[in-house]
Amino acid sequence: QVQLVESGGGLVQAGGSLRLSCAASGSFFSIDVMRWYRQAPGKGRELVAGITSGDSSNYADSVKGRFTISRDNAKNTVYLQMSSLKPEDTAAYYCNVDARLTSYSNARLNYWGQGTQVTVSS
């Protein structure tokens with residue numbers, strides 16, 4: 001199984017920056033795609049950014065040019081560097097990964113973290 005622990009959220013003024021981290025631990029063979037989602041109050045959960053094990057990344061249009069996703073495979077950790085933050089970025093941010101639990105199966109299981117709150121004041 002995989003446990004995900006996010007950190008780095010907080011309160012920041014508009015225009016500021018924050019760096020989120022999500023560390024994966026537990027018993028698994030590999031972590032494949034790592035993603036960040038967010039959910040604002042009263043809204044659905046949306047994909048913010050994703051990154052493959054080969055460092056190919058994609059972003060929601062709303063964060064392109066402001067957010068950067070990266071990963072440290074040795075630490076099984078994914079990061080989200082957020083800059084030029086806007087009040088509309090206020091949300092709970094969730095880490096999500098696809099993991100292979102053994103080398104004997106290509107099946108991927110999907111896991112979620114508990115979330116970390118990001119609040120951007122105007």
Side-chain angles (χ1 to χ4, degrees):
Q1 299 299 312
V2 179
Q3 292 80 45
L4 301 173
V5 177
E6 299 110 330
S7 61
L11 174 64
V12 65
Q13 289 188 331
S17 298
L18 280 175
R19 188 194 195 206
L20 305 183
S21 300
C22 171
S25 63
S27 179
F28 52 88
F29 175 70
S30 67
I31 301 291
D32 293 343
V33 183
M34 307 183 84
R35 308 173 186 88
W36 287 99
Y37 283 80
R38 68 185 180 187
Q39 186 166 19
K43 295 188 177 181
R45 194 168 292 190
E46 65 168 342
L47 177 64
V48 175
I51 186 167
T52 68
S53 56
D55 282 339
S56 177
S57 59
N58 63 286
Y59 298 90
D61 288 343
S62 59
V63 307
K64 282 181 181 177
R66 300 188 298 122
F67 291 10
T68 301
I69 190 170
S70 61
R71 62 190 287 170
D72 183 332
N73 291 327
K75 296 181 179 179
N76 293 312
T77 298
V78 62
Y79 305 96
L80 186 68
Q81 178 67 47
M82 305 184 293
S83 302
S84 301
L85 282 161
K86 304 175 182 180
E88 50 264 44
D89 294 317
T90 295
Y93 283 72
Y94 297 89
C95 179
N96 175 269
V97 305
D98 294 335
R100 287 179 64 188
L101 299 187
T102 72
S103 60
Y104 307 111
S105 172
N106 286 325
R108 271 74 168 173
L109 299 182
N110 189 261
Y111 297 89
W112 289 91
Q114 293 298 308
T116 185
Q117 180 66 35
V118 172
T119 302
V120 184
S121 63
S122 58

| message | For Tyr37 together with Trp112, are the ring centres under 6.0 Å from each other? | response | yes
| Atom NZ in Lys75, atom OG in Ser25: separation rounded to 0.5 Å? | 14.5 Å
| Of the non-hydrogen atoms in Thr102 and Phe29, which two are nearest, and what is the gap between them? | C-CB, 3.6 Å
| said: I'd like to check Val12 versus Thr119 (side-chain heavy atoms, cut-off strictly below 4.5 Å). Are they in contact? | reply: no
| message | If I take atom CE from residue Met34 and atom OG from residue Ser70, how far apart are they, to the nearest 0.5 angstrom? | response | 10.0 Å
| query | Between Asp32 and Arg108, is there a donor-acceptor pair closer than 3.5 Å when you use the side chain of the first and the backbone of the second? | reply | no
| What pair of heavy atoms forms the shortest contact from Phe67 to Tyr59, and how long is it? | O-CE2, 3.3 Å
| request: Apply side-chain contact (heavy atoms from CB on, under 4.5 Å) to the pair Asp98 and Arg35, showing each step before the final yes or no. | output: CA-CA 9 Å; Asp98 294 335; Arg35 308 173 186 88; 2.6 Å; yes
| note | Leu85 and Leu18 have their tightest heavy-atom pair at CD1-N, 3.9 Å
| Going by heavy atoms in the side chains, are Asn76 and Phe28 under 4.5 Å from each other? | yes
| task | Kindly compute the distance separating OH (Tyr93) from SG (Cys22), expressed to the nearest 0.5 Å. | result | 15.0 Å
| request: Under the side-chain contact (heavy atoms from CB on, under 4.5 Å) rule, what do Val97 and Val33 come out as? Steps first, then yes or no, please. | output: CA-CA 6 Å; Val97 305; Val33 183; over 6 Å; no
| Just by distance, do the side chain of Ser62 and the backbone of Ala60 share a donor-acceptor pair under 3.5 Å? | no
| request: Determine, using the 4.5 Å side-chain heavy-atom cutoff (strictly less than), whether Val78 and Val63 are members of one ILVMFWY cluster. | output: yes
| task | Could you go through the side-chain contact (heavy atoms from CB on, under 4.5 Å) check for Ile69 and Val48 one step at a time? | result | CA-CA 9 Å; Ile69 190 170; Val48 175; over 6 Å; no
| field | Check: Arg100 side chain, Ala107 main-chain N or O, donor-acceptor pair, under 3.5 Å | value | no
| message | Do Ile51 and Asn58 make a side-chain contact, defined as non-hydrogen atoms from C-beta onward lying under 4.5 Å apart? | response | no
| Side chains of Asn110 and Asn96: closer than 4.5 Å at any heavy-atom pair? | yes
| message | Just by distance, no angles: are the side chains of Arg71 and Asn73 close enough, under 3.5 Å, to form a donor-acceptor pair? | response | yes
| query | Any sub-3.5 Å donor-acceptor pair from Glu6's side-chain atoms to Cys95's backbone N or O? | reply | yes
| request: Answer yes or no: is there a side-chain heavy-atom contact under 4.5 Å between Leu11 and Gln117? | output: no
| Is the NZ or CZ atom of Arg38 both under 6.0 Å from the centre of the six-membered ring of Tyr94 and within 45° of that ring's axis? | no
| task | Looking only at non-hydrogen atoms, find the nearest pair between Leu4 and Tyr111 and report the distance. | result | CD1-O, 3.5 Å
| Which pair of non-hydrogen atoms, one from Gly9 and one from Val118, has the smallest distance, and what is that distance? | CA-CG2, 4.2 Å
| field | Gln114 atom CD, neighbour heavy-atom count above 12 within 6.0 Å | value | no
| request: State plainly whether the residues Lys64 and Asp61 are in salt-bridge range, i.e. N to O under 4.0 Å. | output: yes
| query | So how far is it from Ser17 OG to Met82 CE, rounded to the nearest 0.5 Å? | reply | 8.5 Å
| query | Can you find a heavy atom in the side chain of Asp89 that is under 4.5 Å from one in the side chain of Arg66? | reply | yes
| task | Could you pull out the closest heavy-atom pair between Ala49 and Leu80, with the gap in Å? | result | CB-CD1, 4.3 Å
